[in-house]
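Data block below; observations after.
Just so it is clear: chains get the letters A, B, ... in the order the sequence lines come, proteins before strands, and each one is counted from 1.
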Number of protein chains: 2
Amino acid sequence: MNSQIRRSMPLFPIGIVMQLTDLSARQIRYYEEHGLVSPARTEGNRRLFSFNDVDRLLEIKDLIEQGVNLAGIKQIFASRQQQHFETTPSVSPKVVKQDLSEAELRKLLRTELMQAGRFNRASLRQGDIARFFH
Amino acid sequence: MNSQIRRSMPLFPIGIVMQLTDLSARQIRYYEEHGLVSPARTEGNRRLFSFNDVDRLLEIKDLIEQGVNLAGIKQIFASRQQQHFETTPSVSPKVVKQDLSEAELRKLLRTELMQAGRFNRASLRQGDIARFFH
DNA sequence: ATGAAATGTTACGTTTCATTACATATTTTT
DNA sequence: AAAAATATGTAATGAAACGTAACATTTCAT
């Protein structure tokens, strides 16, 4: 896949990227500062962006316009990465869907029920709660 | 799958949910106001949350703690939904991965090149750019 | 080679969002 | 009936995402 190489080739200085994306230089640098893009650098320390970088910036712009903040964008990108490795049974890198396990919930519920027999008897028939505990 | 029914059964008043999630009532209501949870209501207009609702709140809490704002959480939930319908070739409901197509990029690049022969000749050998246009 | 233009970095000010703090009305519990 | 819990609405607070300006350095054009 030669196109992948071409797409990641450092080409555009920030001025061009500003025009392509309609983002301010300040914004672009800010996004880099927060790890959302990582353009290459020339010897003189100028940024050089690839096609992929520009794509990424356009996605960022899109999400920003929908009100998503940088932390959210980071999460979204991270979770997208994982989709990619879904064949590899790796340890999910931090975005664990920390669900309340049934066991845990049952424990909490049971404690609650012990501690005070209150809480909406109205909406539950006698047996209903018990059914959660089998 | 009976458990799915049980998990979506309205059970907990907000006070219990506060304890289970360690969120303030105000926060929980705020999240509802922004469409992130939709607890049922009693006749007297009190909220009743299901297991699923509590799970959702815990996820919200988790993401908030990672700095994601409500808009971001909304996007994340939305994109999760879509994974689910991935068998159905439906029109993606708004979170289109609006990539710059190669064609489009080429057009922009060509225009740029026409308009002014400038922009980092230094980093490109003569033939490199031409290669993008085949 | 030299001045002009572009870009880099840094610092301060502004606006918006999530949260907290109150105040009041209504429902539920005892 | 009184007390406790919940609903709703209105400020006040603090941090994030920039705009903007100042100044240094790199690159471009003649």
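Looking at residues two or more places apart in sequence or on another chain, you find a side-chain hydrogen bond (donor to acceptor under 3.5 Å, both in side chains) between B/Ser24 and B/Gln27. Listed by chain and number, the residues in a side-chain hydrogen bond (donor to acceptor under 3.5 Å, both in side chains) with B/Thr21 amount to none (sequence neighbours excluded). Residues that satisfy the side-chain hydrogen bond (donor to acceptor under 3.5 Å, both in side chains) test with B/Ser8, not counting sequence neighbours, are absent from this structure. Contacts of B/Ser38 classified as side-chain contact (heavy atoms from CB on, under 4.5 Å), with partners at least two apart in sequence or in another chain: none. For A/Lys61, the side-chain contact (heavy atoms from CB on, under 4.5 Å) criterion is met by A/Asp22, A/Leu23, A/Glu65, not counting sequence neighbours.
Contact annotation: A/Thr42 side-chain N/O to D/dT27 OP1/OP2 distance is under 4.0 Å. The shortest distance between the side-chain N/O atoms of A/Asn45 and the OP1/OP2 oxygens of D/dT27 is not below 4.0 Å. Side-chain nitrogen and oxygen atoms of A/Arg47 include none within less than 4.0 Å of the OP1 or OP2 phosphate oxygen of C/dT7.
For B/Gly67 against A/Asn69, the heavy-atom pair with the smallest separation is O-ND2, 2.8 Å.
Computed from coordinates, the B/Met18 CE to D/dA5 P distance equals 10 Å when rounded to whole Å. Across the protein-nucleic acid pair, B/Ile16 atom CD1 and D/dT6 atom C1' stand 13 Å apart, rounded to whole Å. The distance between atom CD1 of B/Ile14 and atom P of C/dT28, rounded to the nearest whole Å, is 15 Å. We find that CG of B/Leu48 is positioned 13 Å from C1' of D/dA5, with the value rounded to whole Å.
Of the candidates C/dA18, D/dT6, C/dT9, the closest approach to any side-chain atom of A/Arg41 belongs to C/dT9.
For the contact set between residues 21-40 of chain B and DNA chain D, defined by any heavy atom under 4.0 Å, the members are B/Arg26, B/Arg29.
No side-chain donor-acceptor contact under 3.5 Å links A/Arg46 to the backbone of A/Pro13.
Both B/Gly44 and B/Ala71 lie near DNA chain C, and the one whose nearest nucleotide falls closer to the 5' end is B/Ala71.
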Show every donor-acceptor pair shorter than 3.5 Å between a side-chain atom in residues 28-35 of chain A and any protein atom, with sequence neighbours excluded, or say none if there are none.
residue: A/Glu32; atom: OE1; partner: A/Arg47; partner atom: NH1; Å: 2.2
residue: A/Glu32; atom: OE2; partner: A/Arg41; partner atom: NH2; Å: 3.3

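Remark: A/Gln4 CD is packed, more than 12 non-hydrogen atoms of other residues, nucleotides or ligands lying under 6.0 Å away.
For the helix from C/dA1-D/dT30 to C/dT30-D/dA1, the end axes, each set by the C1' atoms of five terminal pairs, are bent relative to each other by 30° (nearest 10°).
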